[in-house]
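Here the structure comes first, spelled out in structure tokens, and everything after it is commentary.
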Amino acid sequence: MESFSEIKKIQKNLTDKKYSCTELTQQYLDAIAQKNGSLNAYTCVTAETALAAAKKTDEKIAAGGMLAPIEGVPMTLKANISTKGIDTDCCSKILQGYRPVYDAAVWELLQKQGAVLLGKCNMDEFAMGSSCETSCYGGAKNPHDLSKVAGGSSGGAASAVAGELAAYGIGSDTGGSIRQPASFCGIVGLKPTYGAVSRYGLIAYASSFDQIGPLTTSVEDAALLFDILSQKDARDSTSVGAQHLAVPALQQSLKGRKIGIAAEYFTGLREEVQAALDKAGKVCEKLGAQLVPMSIPEIQYALPVYYILACAEASSNLSRYDGIRYGMKAEHYTGVNDMIERTRSAGFGSEVKHRILLGTYVLSAGYYDAYYKKAQLLRRKIRRAFVAAFEQCDVLLAPTVPMTAFPLGFTGKDAVETYQTDICTVPVNIAGLPAVSVPCGTDASGMPVGMQLIGNTGREDLVLNAAYQYEMATRAES
Ligand code: GLN
């Protein structure tokens, strides 16, 4: 079967000596210099680090050594993944100039394999947003149409990968931040099961939802990266690692596989999104899967539950930015409280402040029971509803986003309207489940539509297998 893996293609070209890793890396760096002005995907380019890693790969090839699975492949990391000595500012003024003194677990794993880091990518400030536009650097743009957003919060990584400024990217997904920009930019984005990938070194937004995962141009690459990244890590107390390897499952047939279609995911979709999803469902049927109509009414609570709990956790996580321990500090102040107030007022953008206030409110003495506690109870209910759904099917098929990429500036207008666009992505973060977004067609103006495949806890293998079979069937046609 033909492979669409960009990672494998690059590695084959490297070992066939079509180009050296240094040449390839330089090509990427040149492309970034040329195109980043319009895409705004990178906020920090690490040419030296990249060329040093490339040189190592070239030396290994020259010595006749075997390449590790992702060795020598140029890639990018979201700006909230810690890299020792390299800017990790979460695209927030409050962390500008911050260079961690240690590497995130995922970056350790990738470095061990010989990854070539081209730079850090743009994102919504502290990963709060759906368009990348809350970044203190302004948003990343969509390579398919520069008047549209790349999505968020991992918009920079999605824009870089879709714009051919990196072979793959590593992002984070708290409520859709890998899948939604992947969907908007026409690439693959995997949010693993909560706990599958270590969060050590990921700058926290909402710790009980945050997960790291890959943004790639093919399902095979997403599976390859998942298998590398999903290692148990004692430094993250919620880490369990992978329960099933993804790559060995890709080739399995979908015959007899049950794909659940939960009605609640299919309300309020743009017509073209609905049409693309219907078509995708038919492809799955052709591949031998059985579509199982079902209902998960609890999904209706997902948005308020997510925004209450994520904001509550954010208000606690972001209390550490006080001008003393990290990043910026107000220049003029009269005492310690004044210094903290001035630093936080000047350092955080308005969306982050909004969420800190909302989170503080729902945790405050008089409102804790009414909001936070109730949301926790509903979270459990939603999780149980998914567990029950997976008694009737192997994976669920749903849209990733009810629409295609927004025009620039859309999300700044109405916070609630923007939050509502996360309706299809947040349920799995609430329930801790794995989900992948795969391209499944375009709208009338050629903007990509994404299909989401959702699995039970630890079943990345089933999710990626279905996505791979779908991708093989549809890409072969085009
Ligand atoms: N768009 C969602 C939010 O604004 C999700 C963000 C994320 O996954 N980091 O919170």
Side-chain angles (χ1 to χ4, degrees), residues 77-81 90-92 121-135 139-140 149-158 169-185 189-192 194 197 199 202-215 302-315 317-318 348-359 362 375 399-403 405-406 410-437 450 452:
L77 293 172
K78 188 174 179 178
N80 59 353
I81 296 176
C90 292
C91 295
S92 176
C121 264
N122 205 353
M123 58 184 275
D124 279 298
E125 184 178 5
F126 283 105
M128 299 176 190
S130 304
S131 70
C132 197
E133 290 168 299
T134 70
S135 160
V149 303
S153 64
S154 314
I170 302 295
S172 66
D173 190 313
T174 305
S177 278
I178 291 173
R179 290 161 288 151
Q180 188 256 31
S183 169
F184 279 6
C185 291
L190 171 71
K191 185 236 118 26
Y194 185 76
V197 177
R199 289 178 295 112
L202 170 70
I203 297 184
Y205 155 22
S207 312
S208 76
F209 299 84
D210 299 340
Q211 250 313 270
I212 294 177
L215 294 107
L303 267 183
V305 165
Y306 170 76
Y307 275 98
I308 288 170
L309 297 179
C311 290
E313 293 185 24
S315 72
N317 275 327
L318 271 61
F348 289 134
S350 65
E351 181 62 27
V352 173
K353 284 181 192 157
H354 188 121
R355 295 195 189 197
I356 292 174
L357 287 173
L358 206 73
V362 299
T400 307
V401 200
M403 66 272 287
F406 326 121
F410 166 86
T411 57
K413 292 190 189 115
D414 182 334
V416 175
E417 198 180 341
T418 304
Y419 294 169
Q420 277 164 351
T421 63
D422 294 332
I423 181 72
C424 300
T425 48
V426 296
V428 307
N429 300 79
I430 292 171
L433 305 172
V436 67
S437 178
Q452 200 180 184

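Counting starts at 1 for both ligands and their atoms, in listed order. Quick note: numbers below take in every heavy atom, side chains included, and nothing from hydrogens, waters or symmetry partners.
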Query - Rounded distance (nearest 0.5 Å) linking atom CZ of Phe406 with atom OG of Ser130 - result: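 Answer rounded to 0.5 Å: 5.5 Å.
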
Ignoring angles and geometry beyond distance, decide whether [X] reaches within less than 3.5 Å of ligand 1 through its nitrogen or oxygen atoms.
X      : result
Ala127 : yes
Gly152 : no
Ser172 : no

Would you please determine whether [X] falls within less than 4.0 Å of ligand 1 on a heavy-atom basis?
X      : answer
Ser153 : yes
Tyr307 : yes
Arg355 : yes

Query raised in the report: Are a donor atom and an acceptor atom from the side chains of Thr411 and Glu133 found within less than 3.5 Å of each other?
Result: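 The criterion, which ignores hydrogens and geometry beyond distance, is satisfied for Glu133 and Thr411.
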
Query raised in the report: Do you see a donor-acceptor pair shorter than 3.5 Å between the side chains of Asp124 and Thr134?
Result: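 Short answer, yes.
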
Closer than 4.0 Å to some heavy atom of [X] - which atoms of ligand 1 meet that?
X      : result
Gly129 : 1 (N), 2 (C), 3 (C), 4 (O), 6 (C)
Tyr205 : 9 (N), 10 (O)
Tyr306 : 2 (C), 3 (C), 5 (C), 6 (C), 10 (O)
Gly175 : 5 (C), 7 (C), 8 (O)

Query raised in the report: Under 6.0 Å between the ring centres of Tyr306 and Phe209?
Result: yes

**Report entry** Distance from atom 6 (C) of ligand 1 to nearest protein heavy atom, with residue and atom
**Finding:**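 The answer is Ser177 OG, 2.9 Å.
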
Query raised in the report: Would you say Lys191 and Thr425 make side-chain contact, with heavy atoms under 4.5 Å?
Result: no

Report task. Report yes if the side chains of Phe348 and His354 come closer than 4.5 Å at any heavy-atom pair, otherwise no. Result -> no

Report task. Return the orientation label for the Tyr307 and Tyr419 ring planes: parallel under 30°, perpendicular over 60°, tilted otherwise. Result -> parallel

Query raised in the report: Is it the side chain, the backbone, both or neither of Asp422 that has a heavy atom closer than 4.0 Å to ligand 1?
Result: side chain

Query raised in the report: Under 3.5 Å, side chain of Ser154 to main-chain N/O of Ser177, donor-acceptor pair present?
Result: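 Checked: pair present.
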
